[in-house]
Amino acid sequence: MAPPCKVLMVAEKPSIALSIASVLSHGQMSTRRGVTEVHEFDIMFLGFHAHCRVTSVIGHVFSVDFPASYQDWTATDPLNLFQAPILKTESNPKAHIQRHLSQESRGCGYLVLWLDCDREGENICFEVIECTGFHVKEAKERVYRARFSSVTEKDILKAMDNLVEPNKDEALAVDARQEIDLKVGVAFTRFQTSYFQGKYGNLDSRVISYGPCQTPTLGFCVQRYLQITTFKQEKFWTVHPYIIKNGYDLQLEWERQMLFDLNVATMFQKLVMEDGLLEVIDISEKQESKGRPCGLNTVNLLKVASSALGFGPQVAMQLAERLYTQGFISYPRTESTAYPSSFDFKVTLNEQISNPLWGDHVQRLLVEGYQKPRMGTDAGDHPPITPMQSATEDMLAKDAWRLYQYVCQHFIASISPDCKFVRKKVQFKVGGECFHCVGQHVTLEGFTSIMPWLAVNEKRLPQFTIGEKIEVSNVELYEGNTEPPDYLTESELISLMEKNGIGTDASIPVHINNICERNYVQVQSGRKLVPTALGIALIRGYQYIDPDLCLPEIRSFIEHQITLVAKGQADHVRVVQHVLQQFKNKYSYFVKQVWHCWALDLRYFDQLNISCGPTGLLLSC
DNA sequence: GCAAGGTC
């Protein structure tokens, strides 16, 4: 019998390689250590007996950079970077991934690519092909792409039965993004850094960076700061009648809410006082429901970690990764909020059954039946973040425990009943004006018993009947001030970034960290982001010269252009050239105009009409 | 010294 053919399979990370090998070998494999682990076993492949090797890379193998001749900041005009050649070099030379792939591919007749099924994964496919020598013409037909929608036995086997070709267009879209981001970011960064050199000692920062993600991120923080500083406080007045009924002392709300004219408000107060008798004109009761959460994805974990636990995104991810490698939670980087159909809720619940804090709730769910989780979205990557092994407070460090606790609470809540309550609204008329009061009565705590901070407040009302008349005990004329918004919280910033497509679940923490480390913003108590003088000056400068530079649309513009490449609707080289030409125009204009703002005292911005800059240089094209 | 995207 001929020796079996050899097949090399490559995943994006070691954990996926392990999952794939376990499924395909039915657990019958041998594993040896290498740069990344290699799992070996025999299988039937395309109808033949084959020996299979499954290993992985660790994310991208390569990243782009300029050749050495462009690395000298003083000898290179940043303008020339837009047309400069670029090189791909190993992202982490010390890891020797390239050598590892080259060695493991020796003697293999087939390559199966198990990289994550997104654009970046498609790009890494071609990096792997390059490293394994399968890019030569005669080897191309022996390269297969496995497309899996989740890392489950069912989907892995399905992918094996439906091997396809890797998608070159999607890979090229990533190449395009890499080149655009590199050239635009580095050109502006080098110019700005050199420009600020020695100026404005109080704005010290070694590098004054620019980037199509980090700059709009800073833009959000400064935008809120400007709303605060330009806020004009106004006095307002509102009329609050009080009644006493069956021992309840109630303050009623006015349908007009508030008025900005004291004389008018006083007139209404007088009308109410002169009438003095409230008539109940309507009583309505409505069944309300507060929905249980969907499965937990990374972005939502980061938001809660920041707003409720006080952990920054970087720290939260470090804690989550640690919990993951120790087996306490599932893979923490995912966009999906929908559980896969094969998810075993019973096993996961059972694991938590003896927890001293939520074990009782879990037992009840197991006995009385848990709810089907809400629909959520399936991004095709990993299942939502869930607890795995049970842990108690003494087993983990304090911060890790708090994060683990939240993951458990969220998981249990996601399959607990919705919270049900009755909302009762009573409407009154007095002196021709309408007022109301609202009561709430919880009929089913549901998931809020495991997430008590989301509980609906109980608010009881006395009995009323329509047509009933009640004496007004007091009429207050309340004077208040409109309040400016507060500084942007980190959690709000994460939401804005997600909504505007700035960064990804993995890179959002990096961009936020960047603008902190560069001294553009400071994190203050309550994880509020307060821009520094430097951060404000930068954004006000862009707003004056070319607002596009700090708007979130700068990212969506790039994403839109590279999507054309990914879909095969535009040529990669032409798209890159077209986009770079526009940024080069912006760069030239920016360099000329900088004189008019940053050269002056930075306080000059305060006197500027910010909207006078040119608009649509890029977005109109 | 510089971007943004993977992953640890």
Side-chain angles (χ1 to χ4, degrees), chain A residues 10-17 35-37 56-66 70-74 76 78 81-82 84 86 88 90-92 94-95 97 115-128 170-171 173-197 205-218 298 314 317-326 331-335 381-382 497 501-515 517-518 554-555 558-559 562 580 583 587:
Chain A
V10 183
E12 192 158 320
K13 41 188 169 277
S15 62
I16 303 266
V35 168
T36 55
E37 282 186 338
S56 74
V57 291
I58 310 168
H60 274 289
V61 184
F62 300 110
S63 57
V64 290
D65 204 351
F66 294 108
Y70 291 82
Q71 298 292 0
D72 183 342
W73 287 41
T74 48
T76 308
L81 294 175
F82 288 95
I86 52 165
K88 284 207 176 199
E90 238 183 316
S91 301
N92 184 359
K94 284 185 198 149
I97 299 287
L115 291 120
D116 292 359
C117 294
D118 52 25
R119 272 183 206 166
E120 297 297 331
E122 220 58 33
N123 187 269
I124 303 174
C125 281
F126 287 88
E127 297 183 338
V128 171
E170 291 205 344
V174 172
D175 283 342
R177 180 191 52 71
Q178 289 176 340
E179 184 169 353
I180 295 163
D181 286 345
L182 174 74
K183 291 184 169 176
V184 173
V186 173
F188 275 91
T189 299
R190 285 194 191 172
F191 170 74
Q192 289 183 172
T193 305
S194 315
Y195 180 83
F196 277 101
Q197 208 59 242
S205 180
R206 249 173 51 255
V207 175
I208 314 288
S209 57
Y210 176 86
C213 285
Q214 59 173 270
T215 304
T217 301
L218 171 63
T298 306
Q314 206 99 357
M317 283 317 288
Q318 280 164 11
L319 290 169
E321 263 153 32
R322 193 77 201 281
L323 286 168
Y324 162 67
T325 51
Q326 293 172 330
Y331 191 69
R333 245 166 298 170
T334 179
E335 284 178 46
D381 47 359
H382 297 269
M497 293 175 76
I502 306 292
T504 65
D505 51 0
S507 70
I508 282 172
V510 181
H511 299 311
I512 297 179
N513 203 48
N514 252 334
I515 61 171
E517 285 207 327
R518 298 270 153 75
I554 203 108
R555 192 67 191 156
I558 296 173
E559 290 290 338
I562 66 161
L580 285 178
F583 274 104
Y587 176 85

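A, B, ... follow the sequence lines: proteins, then strands. Residue 1 opens every chain.
- Within the nucleic acid shown, A:Gln178 comes within 4.0 Å of at least one base atom, counting heavy atoms only.
- Nucleic acid contact class of A:Val57 (heavy atoms, under 4.0 Å, all strands): none.
- Looking at heavy-atom distances under 4.0 Å, A:Glu127 makes no contact with the nucleic acid at all.
- A:Tyr324 comes within contact range of no nucleotide atom at all, as no heavy-atom separation falls under 4.0 Å.
- Within the 4.0 angstrom heavy-atom criterion, no nucleotide atom of any strand lies near A:Phe66.
- No engagement by A:Gly121 is indicated, since no non-hydrogen atom pair under 4.0 Å with the nucleic acid exists.
- Contact annotation for A:Asp116: backbone-only contact, meaning every heavy-atom pair under 4.0 Å involves sugar-phosphate atoms and none involves a base.
- Nucleotides of DNA chain B lying under 4.0 Å from heavy atoms of chain A occupy a range whose first and last members, 5' to 3', are B:dG1 to B:dC8.
- Under the 3.5 Å distance criterion, with hydrogens and angles disregarded, a donor-acceptor pair is assigned to the side chains of A:Gln214 and A:Ser209.
- Judged by distance alone, with hydrogens and angles left aside, the side-chain atoms of A:Thr504 form a donor-acceptor pair with the main-chain N or O of A:Ser507 at under 3.5 Å.
- As judged by a 4.0 angstrom heavy-atom cut-off over every strand, A:Arg119 is placed among residues making no nucleic acid contact.
- Across all strands, A:Pro14 comes closer than 4.0 Å only to sugar-phosphate atoms, never to a base (heavy-atom distances).
- Residues A:His382 and A:Glu335 form no side-chain contact, since every pair of their non-hydrogen atoms from C-beta on lies 4.5 Å or further apart.
- Taking the side chain as every heavy atom from C-beta outward, A:Asp181 and A:Pro212 approach each other to under 4.5 Å.
- No side-chain donor-acceptor contact under 3.5 Å links A:Asp65 and A:Ser63.
- Mapping A:Ser209 and A:Ser15 onto DNA chain B by nearest heavy atom places A:Ser209 closer to the 5' end of the strand.
- Between A:Tyr70 and A:Arg177, the residue anchored closer to the 5' end of DNA chain B is A:Tyr70, taking for each the nucleotide with the nearest heavy atom.
- When heavy atoms are screened at a 4.0 angstrom cut-off, A:Asp175 is found touching no nucleic acid atom at all.
- Here A:Phe126 pairs with nothing under the ring-ring contact (aromatic ring centres under 6.0 Å, His included) rule; sequence neighbours left out.
- For A:Glu179, the side-chain hydrogen bond (donor to acceptor under 3.5 Å, both in side chains) criterion is met by A:Lys183, not counting sequence neighbours.
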